[in-house]
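This is the structure I have questions about; it appears just below.
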Amino acid sequence: MIQTPSIDWVALSPTLATLAAAGLALLLAVLVPRSVRRPVAAFVVGVGFLVAGSLAAYVYWKSPEAQSLVGEAATRDRLGSLAQILIAGAGFLTVLVAYSDRPRQEHVGEYFALLATAAGGMMFFVSADSLMTLFLGLEWFSISLYILCAIDVDLETSLESGLKYLIVGSFGSAILLFGFALVFGATGELQLAAIGEAGAALDDDPMMVVALAMVLTGLGFKASAAPFHMWTPDVYEGAPTPVTAFMSAATKVAALVVALRLLTSAFPAHDDLWTAAVAALAVASLAIGNLAALVQRDVKRMLAYSSVSHAGFMLIPIAAANELGGKALLYYLIPYGAASLGAFAVVAARERELRAPVTLDNLGAMGWERPFLGFALALFAFSFVGLPPGGLFTGKLYAFSAAVDAGWTWLVIVGVVATAVSVYYYLSIIRALYLRSEAEVQLAPAGGAPPRELLLSLAVAAAIAVVIGSFVFVEPLIDLAGDAVESLGTLASE
Amino acid sequence: MDVGNVLVWAVWFVAAFACLGSGIAVVSFSNPFYSALALIGNLASLAVLYLLLSAEFVAAAQVLVYAGAVMVMFLFVVAYLGGRADAPWAGGASWQQVAALSAAGALLIEVFLAVGLEASDRLSEEPPVEAFFGGPHEIGRLFLTDHLLAFEITSIVLLVAAVGGVILGSHTRRFEPGVDR
C-alpha cells in the first residue's frame, strides 16, 4: 500500500479556482450561442478571478506560519498568498480591459480561458517550493502567455510577438532548468529549504556558483531585467494590448516574488554572490531601460522599456536581502502593477479608437478629447516617476532605504539618477496628452464619438484607486507585506 | 568469460555502432526524410544501451516517446513541408560551423576526461544508486507520493499546450485590409 501525501485543498484552492474558471469558459464557449459567447466567457473568468483572490485572502489570513504542502512540493505561506491576491487582481482588471478588445468572435472562449490558466500558473509558481514544481509552474504560465501573445495569428505583429516570446522564453526556461539540474546535482535536494541546508557546506563549490548564475539568468528573462530584456519591447508591442497589460503586472509579480523566495531560501550561503549579481542586474536594467525609453515614439514600446527600468527598481530591494527589502518589494509591486495595467488599458482604448499603434504623435490632445482616460494616463505616468500622489513614491522610498540599510548606497544613487532620467520620457507622455499646439497635433480620423467603454473605464478607475490608495494606506499595506516576509522566514530583520 | 558476458558485449557492440552509424547518417543525409528515419534508428539503439544499463523504464520511455511519438511528428512535419530543406553543408553561416565544431570538441574532451578518470580510479566516489533505481515500480511510487503535485501539474501544462495548438492551428485565415485589431 502506497502512503499518498495528504492534500491541503484550501491552500491549493486559489489555483484550482482559476483552473475551474478556465475549464468552464472553454466548455461554455462551445455550448452557448455564438452571440453570448463573449459575455459568458468573460463573466465566468472574471468571477473565477474574484473567487481565487478571495480564497487567497482567506489562506493569507489563516496561515501565519509557513506549512509544506503535498510532499514538500509547494508551500502555504503569506508570501505566496499575497502574490496570489495581486495576480488575481491583475487578472480581474485584465478581463475588464479585454472585454471589448475582442470584437471578432474567434477564440473568445479560449482567450479568457488562457488568461485564467496563465494566472493559475503564476499562482502555483509563487507558492511552489521545490525545483520541479517551480519549473512546471513556470512552463504552465509561460505556455499560456506564448499562446495569448500570438492569439491574433492573422496579425503579423501578434504572430511575431508570440514567436519571439516563445523562442526567447524557452531559451530562458532552458537555462533556468539547466541551473536547477546543477543545483540538484550539487546538493541532491529539490526542496528549497533543504537545498539551502545542503548548500551551506558548498559555499565555494563551482557547480553551485554556475547553477546560481543560470538561475539568475532564467529569472532575469522572466522578470525582463536587463541584459535579458531583449524580447520585452517587441513582445509588449505586438501582443494584444490587454495581454501586455496582464504580463507587465502579473509576470513581474510572479518572477520577482519567486526570485525573492528562491534566492533567500535555497541560496542563503551564497548571499554575497547573488546580492552582488542582483545589484548588477538592477543597475543594467535601470540604465538600459531608462536610456532606451528616451528615444521611443511608440507608447507601448516606451512602457515596455519603463517596465524594464522598474524591474531594476524592484531588484534593488532583493539585492538588499533584508526584511525591509522584502517588504519594499512586495509593497512596490502593488502600485506598480496597478499603474502599469492601467497605463496599458488606456493605450488599449486609444488603439481601438484609432485602429493604429499608439505613438506619442497620435496620443495628441487625448487629455482633452477623453478627459477621464487622458487624466488617468497622465496620473500613471506621473506616478511611474515616483511622485507623491502615487504609491510608487513610497515604494521607491522603502526600496532605497532597504538598500542603504544593506550598505548599497551607490545603488541608491544609481536609482535616483535613473529616476531623474525617467522624468523626461514620462513627462513627454503628459506633454503629448495635454500640451500640444493644434498645428502639431495630427488628428487621426476617429469616425464619430469614441466608443463608450464602461468596463475598461472601471478597470482604469480601479487602477487609479490602487495607485493612490496605496499611497494613502501605506501603513496597513506595509504591515501586510511585513507579515508575508515574516512567514517566508528567511530574511533577517536588522 | 562466460556466455552471458559475451552476449552483453555483443549486444553492446552492435548497439553502440548502430548508434554511431545512425547518428552520422542523421547529419549526412541530404533528404530530411531519411535523416528523420536514421534518427529513429539512433534513438532505438540508444534504448538498447539503456537496457544494458538496466534502466528498463527509460528504455521503454525512449522507444515510446521519442522513437514513437516525437519522430512520427517529425516525419509529419517533413512530409508536410516537402523535401525543400537545404542540403546540410550547402552554405550556412560559418560561425555556426565553428560553434558546432567547438561544442562537439568540448563533448569529446569531456568523454576522454571521464573515461581517463574512471580508468585511473580517480573518480571520487560511487553514486548512491539503489538496485531498484529507475525501475517502473519506483517511478510509479514517486509519481503518487513525493512528486504527486508535479505529476498532476504536468497534465495541466499539456492541456494548456493542446488548447494552444488548437487555437493557433485552427484559425481561418481572413485578411481584412486596413482593419487592425
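Order of the sequence lines fixes the chain letters, A, B, ..., with proteins taken first and strands second; residue numbering starts at 1 for each chain.
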Self-check item: Residue A:L190 versus chain B: region with a heavy atom under 4.5 Å
Solution: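 When you check distances to chain B, only side chain atoms of A:L190 fall under 4.5 Å.
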Exercise. To the nearest 0.5 Å, tell me how far A:E110 CD sits from B:I167 CD1.
Key: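 The CD1 atom of B:I167 is 4.5 Å from CD of A:E110, to the nearest 0.5 Å.
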Quiz prompt | Between NE2 on residue B:H147 and CG on residue A:L136, distance to nearest 0.5 Å | solution =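 Those atoms lie 10.5 Å apart.
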Quiz item: Heavy-atom distance under 4.5 Å between the side chains of A:I7 and B:L149, does that happen here?
Solution: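 No; the side chains remain at least 4.5 Å from each other.
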Exercise. Any chance you could measure A:F135, atom CZ, to B:I153, atom CD1, to the nearest 0.5 Å?
Key: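 It is 13.5 Å, given to the nearest 0.5 Å.
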Quiz prompt | Residue A:L114 versus chain B: region with a heavy atom under 4.5 Å | solution =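 Interface part for A:L114: side chain.
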Quiz prompt | Option that, when pairs with chain B are counted at under 4.5 Å, heavy atom only, ranks first among A:L12, A:T15, A:I143, A:L26 | solution =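 The residue among A:L12, A:T15, A:I143, A:L26 with the greatest pair count is A:I143.
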Practice problem: Check each atom of A:T117 against the heavy atoms of chain B and say whether the ones under 4.5 Å are side chain, backbone, both or neither. | Solution: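 A:T117 touches chain B through side-chain heavy atoms alone.
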Quiz item: Relative to chain A, which of B:L158, B:V157, B:D146 shows the most heavy atom pairs under 4.5 Å?
Solution: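 Between B:L158, B:V157, B:D146, the count favours B:V157.
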Practice problem: Check each atom of B:I156 against the heavy atoms of chain A and say whether the ones under 4.5 Å are side chain, backbone, both or neither. | Solution: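 The side chain, not the backbone.
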Exercise. Heavy-atom distances under 4.5 Å only: say whether A:F124 touches chain B with side chain, backbone, both or neither.
Key: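 The side chain, not the backbone.
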Quiz item: Can you name the nearest heavy-atom pair linking B:V160 to A:S144, along with the distance?
Solution: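 Heavy-atom minimum between the residues: CG1-OG, 3.3 Å.
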Practice problem: Locate the shortest heavy-atom distance separating B:G164 from A:I147; write the atom from each residue and the value. | Solution: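 The answer is CA-CD1, 3.2 Å.
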